[in-house]
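Taking it in order: structure first as structure tokens, then the write-up.
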Amino acid sequence: MVRTLPVSLEDIRAAARRIAGRIVETPMVQSASLCDIAGVPVWLKLEHHQTTGSFKLRGATNAVLSLSPAERSRGVVAASTGNHGRALAYAAKAEGAVATICMSRLVPENKISEIRRLGAEIRIVGSSQDEAQQEVDRLVGEEELVMVPPFDNPAVVAGQGTLGLEIINALPEVATVLVPLSGGGLAAGVAAAIKGVNPTTKVIGLTMERGAAMKASLDAGRPVQVEERPSLADSLGGGIGLDNCVTFAMCRELLDDVILLTEAEIAAGMRHAYACEREIVEGAGAVGIAALLAGKIRSGGPVVAILSGRNVDMEQHRRVINGEAAMFGEDGR
């Protein structure tokens, strides 16, 4: 790595030691159907089997454990598109802390209800992640809650990077890793871990065409705002923050490419996961499979696709599996 980055391989290894026993070391399985399609060995990292249904538990747990007892006693707060909120609610409850989760109206009800079940206080604010973040900032300033950001935080990124360590330890010869890309916490952490061990392995970020904030920011050379639009990959929505200080620099330095996927391609990935892999994944969790099916990945060696989450509304999932044309309307539903 040419530059000194905010999160190092040693930071990630320290996070792995810190969260051991509090998260699941998820399985990695080979996909016969995707091997045939890609022409190289393809492995699926089943991170949607994580305790709270997504990779977010890694970063949230590491961040909460990195706080002092006094900080935890003040309560934690975060903006979320759903999965980070669920993970933070779980991690905070495990350590005896209270979590407040701020979300926009675009977050699906199934994710909101699960966060509520875990005992967190919920605030629904505005129609974008940026508006939800404004409520977080208010709570930090007025009520002195401790913010645990969903991605732009070194402890969160280091926690997500433990997933990359598991991949490279299980398959040292991996040539290409496919990682869902939103605010960049997962992509930055996984890339730092993978390339810290094997710099020649390619790490490719995958996201939806609708409101791809990190892609737009990387293209512009600086963090920019984008319009947040409904998508099957709702967990990949939201901006990266105009004052981003961790994940933008890491993604710019470490990602080998960023690939955009249409709603139809994401739906195809979800259908394949269900029909051929016997796995239920949300849209964001299906982007690796989607990219392989769409022929958008070229690799000279083994590929690992991260299935990042399963927290999908089951009625939406049924409609996707049935191929209902309404899924591809202007509203993305």
Side-chain angles (χ1 to χ4, degrees), residues 5-20 22-26 28 45-66 78-88 90-91 147-170 177-197 201 203-207 214 235-236 238 240-241 244-255 258 282 284-285 287-288 304-311:
L5 296 174
V7 177
S8 68
L9 177 61
E10 185 47 47
D11 292 329
I12 297 168
R13 286 174 169 158
R17 294 189 293 269
R18 189 177 294 117
I19 68 177
R22 288 176 167 87
I23 60 102
V24 174
E25 184 170 338
T26 51
M28 199 159 76
K45 178 62 169 170
L46 306 184
E47 186 62 14
H48 61 303
H49 290 187
Q50 192 56 253
T51 304
T52 58
S54 86
F55 72 93
K56 290 285 191 176
L57 186 60
R58 297 171 182 268
T61 299
N62 190 51
V64 169
L65 292 176
S66 297
S80 175
T81 54
N83 284 338
H84 176 64
R86 182 172 178 174
L88 183 59
Y90 184 97
M147 180 170 61
V148 178
F151 53 86
D152 196 39
N153 175 278
V156 170
V157 172
Q160 318 303 27
T162 63
L163 196 159
L165 281 184
E166 290 178 15
I167 290 172
I168 199 71
N169 288 341
V177 177
L178 307 180
V179 55
L181 175 64
S182 178
L186 178 63
V190 167
I194 295 289
K195 290 181 176 289
V197 176
T201 299
V203 181
I204 298 176
L206 303 170
T207 192
M214 183 62 80
S235 295
L236 302 184
I240 71 167
N244 186 294
C245 59
V246 178
T247 61
F248 174 75
M250 294 186 70
C251 287
R252 180 179 58 191
E253 186 72 23
L254 297 173
L255 292 184
V258 175
E282 58 188 279
V287 291
V304 173
I306 297 172
L307 276 55
S308 57
R310 67 167 185 258
N311 299 323

- line: When rounded to the nearest 0.5 Å, the distance separating CG of Leu186 from CG of Leu163 is 6.0 Å
- request: Before giving the answer on side-chain contact (heavy atoms from CB on, under 4.5 Å), spell out for Val203 and Leu254 the whole-Å C-alpha distance, their side-chain angles and the decisive distance to 0.1 Å.
  value: CA-CA 8 Å; Val203 181; Leu254 297 173; over 6 Å; no
- line: Minimal heavy-atom distance between His84 and Lys56, with the atoms involved, is N-CG, 3.6 Å
field: Non-hydrogen side-chain atoms of Asn311 and Thr52 separated by less than 4.5 Å
entry: no
task: Taking the side chain as every heavy atom from C-beta outward, state whether Ile306 and Phe55 have any pair of such atoms under 4.5 Å apart.
output: no
message: Run the side-chain contact (heavy atoms from CB on, under 4.5 Å) test on Val287 and Thr207 for me, step by step, so that the C-alpha distance in whole Å, both residues' side-chain angles and the decisive distance to 0.1 Å come before the verdict.
response: CA-CA 7 Å; Val287 291; Thr207 192; over 6 Å; no
task: Take Val148 and Val156 through the side-chain contact (heavy atoms from CB on, under 4.5 Å) test and state the conclusion after the steps.
output: CA-CA 8 Å; Val148 178; Val156 170; 4.2 Å; yes
query: How many angstroms lie between atom NE2 of His49 and atom CD of Glu25, to the nearest 0.5 angstrom?
result: 14.5 Å
field: Sub-4.5 Å side-chain heavy-atom contact between Glu282 and Asn83
entry: yes
statement: Here the gap from Arg13 atom CZ to Arg18 atom CZ, rounded to the nearest 0.5 Å, amounts to 15.0 Å
Verdict with supporting geometry, Asn153 and Val246, side-chain contact (heavy atoms from CB on, under 4.5 Å): CA-CA 6 Å; Asn153 175 278; Val246 178; 5.9 Å; no
- line: Of all heavy-atom pairs linking Glu166 and Ile23, the shortest is OE2-CD1, 4.1 Å
- prompt: Only one of Leu307, Thr26, Leu178 forms a side-chain contact (heavy atoms from CB on, under 4.5 Å) with Lys45, so which one is it?
  reply: Thr26
statement: To the nearest 0.5 Å, atom CG of Leu57 lies from atom OH of Tyr90 at 7.0 Å
- prompt: Looking at side-chain heavy atoms only, is the closest gap between Gln50 and Arg58 below 4.5 Å?
  reply: yes
task: To the nearest 0.5 Å, tell me how far Ser54 OG sits from Arg86 CZ.
output: 8.0 Å
query: If you look at every heavy atom in Ala187 and Leu181, which pair is closest and at what distance?
result: CB-CD1, 3.7 Å
- request: Would you name the heavy atoms of Gln160 and Pro150 that are closest together and state the gap between them?
  value: NE2-O, 4.5 Å
- request: Answer whether the closest heavy-atom distance between the side chains of Val7 and Ile12 falls below 4.5 Å.
  value: yes
- request: Indicate whether any N or O donor in one side chain lies under 3.5 Å from an N or O acceptor in the other, for Thr61 and Arg22.
  value: no
field: Ser308 side, atom OG; Leu206 side, atom CG - distance, nearest 0.5 Å
entry: 10.0 Å
field: Where Met250 and Ala192 come nearest, the two heavy atoms and their spacing
entry: CE-CB, 3.8 Å
task: Locate the shortest heavy-atom distance separating Thr247 from Phe151; write the atom from each residue and the value.
output: CG2-O, 3.4 Å
message: Does Phe248 have more than 12 heavy atoms from other residues, nucleotides or ligands lying within 6.0 Å of its CZ?
response: yes
